[in-house]
Structures are given as structure tokens and as C-alpha cells.
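Note sheet for the following structure.
Please read these numbers as outputs of a predicted model, since none were measured by experiment.
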Amino acid sequence: MAAVGGGQEATASQHQQGPASPPLPARHTPSTPGPRASRFQQVLDSSLSHTLGKISWDNFAACYPTIAAQSPAVLRAVQKQMVDRLGALCKKEFDSVLQSRNVVAKLNELESLVSEAERRRDDAGVGAEAPVPPHMLPPDQILAAHLAPHLAQQQSQLNAKLQTVQAHNAKLFSDIQKQRREMQSLMALLQKVFEDIDGANDQIDDVADDLAKETRTVEAEMAES
């Protein structure tokens, strides 16, 4: 009996240690739980408490009667450690699943969908025609409903790009207009310079004949003397 009791105590010790649980993913700030998410968490806590309640001292002592009779304090400590350890592991796994599956956010989204459906039903009135169930809709409407958010996002991005291109083109057009005005101003200035040069040439031609005559007269007088 002592050998059997020792074997049972060793088995209880192995159950107490248990395999190491896998590491949890990185925690992030959870969203505020809504009514359904809060109720879901309450059901998990209640189920876990009910399950751990099955590992009571009476049930545990019935599995190890020899140790319970000879060393009840040791067995009670093992039972408490097992319950605490199992509860901590279960809560850890529940939290991991809630985070990896984004349960709280999805339940909150369901809450919003239900509220929106109730609001639309109230707005439609009592005698309004019942909407067509989703599984009865034609394929083109279902496809359009699934594509609508993606297309709206793409349209928004394309509109933003179009506005950017239009603003860039407007700036380029303004720069080109400014450069054209500068070119026209330079052309007008050059035209005026050319006109001044032509006028100076005409005046020089008139004076050059008189200068040539005077020069020839002076040379003739100098030659006679």
C-alpha cells in the first residue's frame, strides 16, 4: 500500500508540474468589450470555475485515499496547486485565443450590426416589406456588396492621386504662362533695341555723306596749297 501510495503521490506531482505552455503572442491594447463580449467573458469564467470545481478536495482525496489518510496537508497543498495552475493555464489560453482571433472586436462589430439592423427596422415601420434574405440575393448583388468597400477605397485613392496630378499640372501651367510672359517682354525689348539701331543707322547714313564731302573739300584745299 505504501508503494502504491508513493506511486500515486509521484503521479500527482507529475500532474502538478505539467508540460510547459507555449509562449503567448505580444499583447496589444484590447478594445472595450460590449454587452456580448462581456457576456462571453462571463460564460468563459463561469465554465472554468465549474470545471475547476470538479477538482474539489473530496474528489481529489477519493483518488488518493492513502495519501489523504496519511498526509492530508501535503495532498491538500498539491490539490490547491493543481487547481491554481490549471486555472492560470486555462485563462492564459483563453486570453491567447481571444487576442489571436480578435474576438472582442468582432463581437463589438456584431453588436454594431445588430443595432444598425434594429434601427433600420424601426425606421422602415411595421408595415414595411421584409428585406430579401442574403442567401436569396442574386449573385451580381452579392458580388457588388463584397466589392463595394474595396472599390470605394480604390476610388478614394484614385481621387486623391487625380487631385495631386491636377494641382501639379496647374502649377506647371502657371509656370509656363509666366515664362511666356517673360519671353514676350524680352522679345518686345529686343524689337525696341533693333528699332533704335535702325534709326541710328539712318542718322549715320545722312551724316556720313556730309562728312565725306567736307573731308574731300579739305583734302582738295590742302592739295592746292
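Every side chain to side chain donor-acceptor pair (under 3.5 Å) that Arg119 has, sequence neighbours left out, goes to Glu116, Asp123. Shown here are the side chain to side chain donor-acceptor pair (under 3.5 Å) partners of Lys80, two or more places apart in sequence or in another chain: Asp84. The side chain to side chain donor-acceptor pair (under 3.5 Å) check on Glu111 picks up Arg36, with sequence neighbours excluded. Taking Arg39 as the reference, Gln42 meet the side chain to side chain donor-acceptor pair (under 3.5 Å) condition, with sequence neighbours excluded.
Rounded to the nearest 0.5 Å, atoms CG (Leu89) and CG (Leu48) are 10.5 Å apart. Taking CZ of Arg120 as the reference point, atom CD of Glu118 lies at 13.0 Å (rounded to 0.5 Å). For the atom pair Arg180 CZ and Phe173 CZ, the distance stands at 7.0 Å (nearest 0.5 Å). Taking CG of Leu189 as the start and OG of Ser185 as the end, the distance is 6.5 Å to the nearest 0.5 Å. The structure places CD of Gln79 at 9.5 Å from CG of Asp58, a figure rounded to the nearest 0.5 Å. Put simply, OG on Ser96 and CZ on Arg101 are 10.0 Å apart, with the number rounded to the nearest 0.5 Å.
Here the closest heavy-atom approach between residue Leu107 and residue Ala37 is recorded as CD1-CA, 3.6 Å. Taking every heavy atom of both residues into account, Pro65 and Ala62 meet most closely at CD-O, 3.6 Å. Contact between Asn102 and Ala105 at its shortest, heavy atoms only, is OD1-CB, 3.2 Å.
Within the 4.5 Å cutoff, no side-chain heavy atoms of Asn59 are placed close to those of Ile55. Side-chain contact between Ser112 and Asn108: absent, with no pair of heavy atoms (C-beta onward) separated by less than 4.5 Å.
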All N/O donor-acceptor pairs, side-chain side in residues 152-171, below 3.5 Å, sequence neighbours left out:
from	atom 1	to	atom 2	distance (Å)
Asn159	ND2	Gln155	O	3.2
Thr164	OG1	Ala160	O	2.9
Asn169	ND2	Val165	O	3.4
Lys171	NZ	Asp175	OD2	3.3

Intermediate values then yes/no, side-chain contact (heavy atoms from CB on, under 4.5 Å), Leu98 and Gln41: CA-CA 10 Å; Leu98 290 177; Gln41 186 64 50; 3.4 Å; yes
Worked verdict on Leu86 versus Cys90 for side-chain contact (heavy atoms from CB on, under 4.5 Å): CA-CA 6 Å; Leu86 182 59; Cys90 290; 4.0 Å; yes
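Apart from Met136 itself, the hydrophobic cluster it occupies contains Val132, Leu137, Ile142, where clustering links Ile, Leu, Val, Met, Phe, Trp and Tyr at side-chain heavy-atom distances under 4.5 Å.
Cluster annotation: Trp57 and Val78 are assigned to the same hydrophobic cluster (Ile/Leu/Val/Met/Phe/Trp/Tyr, side-chain heavy-atom contacts under 4.5 Å, transitive).
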